[in-house]
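I have placed the structure first, in the form of structure tokens, so that the comments after it can refer back to it.
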Amino acid sequence: QVHLVESGGGLVEAGGSLRLSCAASGIIGIYAMGWFRQAPGKEREFVAAVSWSGGRTSYADSVKGRFTITRGNAKNTVYLQMNSLKPEDTAVYYCAGGRVNTASYQEQDYAYWGQGTQVTVSS
């Protein structure tokens, strides 16, 4: 059974930083990994993704230049460094994995999802 667990969320002042982590277990094969988020009353949206090799990344325009996605030495681990946080970044952040060979921004390319970690940015 594939299991993804996010951690690192919390409450932070605007302009602050957080680092999210995601660890996956039960993964068979090579997976791209990404981060999505969902704010109350909003649809889930793409945040960032990284290819299996770590050599390719993609970001939503809203976070480009502020967020950085990286893979750990073990490719079943992914991080999201979030800097210059804004109140509109407040959301539940979900880690996702998929059997794709690109840093895909499409939710349909990810078959496995974590339960999410809450990020709250105060104004």
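Residues: numbered from 1 along the sequence shown.
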Working for side chain to side chain contact (heavy atoms under 4.5 Å, CB included), residues M82 and V63: CA-CA 8 Å; M82 305 185 294; V63 306; over 6 Å; no
With sequence neighbours left out, write down each residue that passes side-chain contact (heavy atoms from CB on, under 4.5 Å) with T70, or none if nothing qualifies. T68, Y79
C22 side chain reached by M33 side chain, heavy atoms, under 4.5 Å: yes
Can you check whether V119 reaches T90 side chain to side chain, under 4.5 Å on heavy atoms? no
Using the side chain to side chain donor-acceptor pair (under 3.5 Å) criterion, which residues pair with Q81? Sequence neighbours excluded. N83
Are any non-hydrogen side-chain atoms of L80 and R19 less than 4.5 angstrom apart? no
Return the set of residues passing salt bridge (charged side-chain N to carboxylate O under 4.0 Å, His left out) with D109 (not counting sequence neighbours), or none when no residue passes. none
Listed partners of A111 passing side-chain contact (heavy atoms from CB on, under 4.5 Å), at least two apart: none
Distance, nearest 0.5 Å, that separates CG of L4 from OH of Y112: 10.0 Å
Over all heavy atoms of both residues, which pair between K42 and Q38 is shortest? Give the atoms and the distance, please. O-NE2, 3.1 Å
State which residues pass salt bridge (charged side-chain N to carboxylate O under 4.0 Å, His left out) with E45; sequence neighbours excluded, sorted by chain then number. R37
Does anything in residues 47-87 pair up under disulfide bond (SG atoms under 2.5 Å apart), and if so which pairs, sequence neighbours excluded? none
What distance do R71 atom CZ and S51 atom OG have between them, rounded to the nearest 0.5 Å? 7.0 Å
Backbone N or O of I69 within a donor-acceptor pair of the Y59 side chain at under 3.5 Å? yes
Is the closest side-chain heavy-atom distance between L85 and F67 below 4.5 Å? yes
If I take atom OG from residue S25 and atom CG from residue N76, how far apart are they, to the nearest 0.5 angstrom? 8.0 Å
Kindly say whether A103 contributes a backbone atom to a donor-acceptor pair with the side chain of S58 at under 3.5 angstrom? yes
Cluster partners of F36, using ILVMFWY side-chain heavy atoms under 4.5 angstrom, listed by chain and number? F46, V92, Y94, Y105, Y110, W113
Contacts of type side-chain contact (heavy atoms from CB on, under 4.5 Å), residue A14, not counting sequence neighbours: P87, V121
Listed pairs under 3.5 Å, donor-acceptor, residues 5-12 side chains, sequence neighbours left out:
unit_1	atom_1	unit_2	atom_2	d
E6	OE1	Q115	N	3.2
E6	OE1	G116	N	2.9
E6	OE2	C95	N	2.8
E6	OE2	G116	N	3.2

Partners of S122 by side chain to side chain donor-acceptor pair (under 3.5 Å), sequence neighbours excluded? E13
Run the side chain to side chain donor-acceptor pair (under 3.5 Å) test against Q118 and tell me which residues pass, sequence neighbours left out. T120
Listing request: all salt bridge (charged side-chain N to carboxylate O under 4.0 Å, His left out) pairs with a residue in residues 49-63, at least two apart in sequence or in separate chains. D61-K64
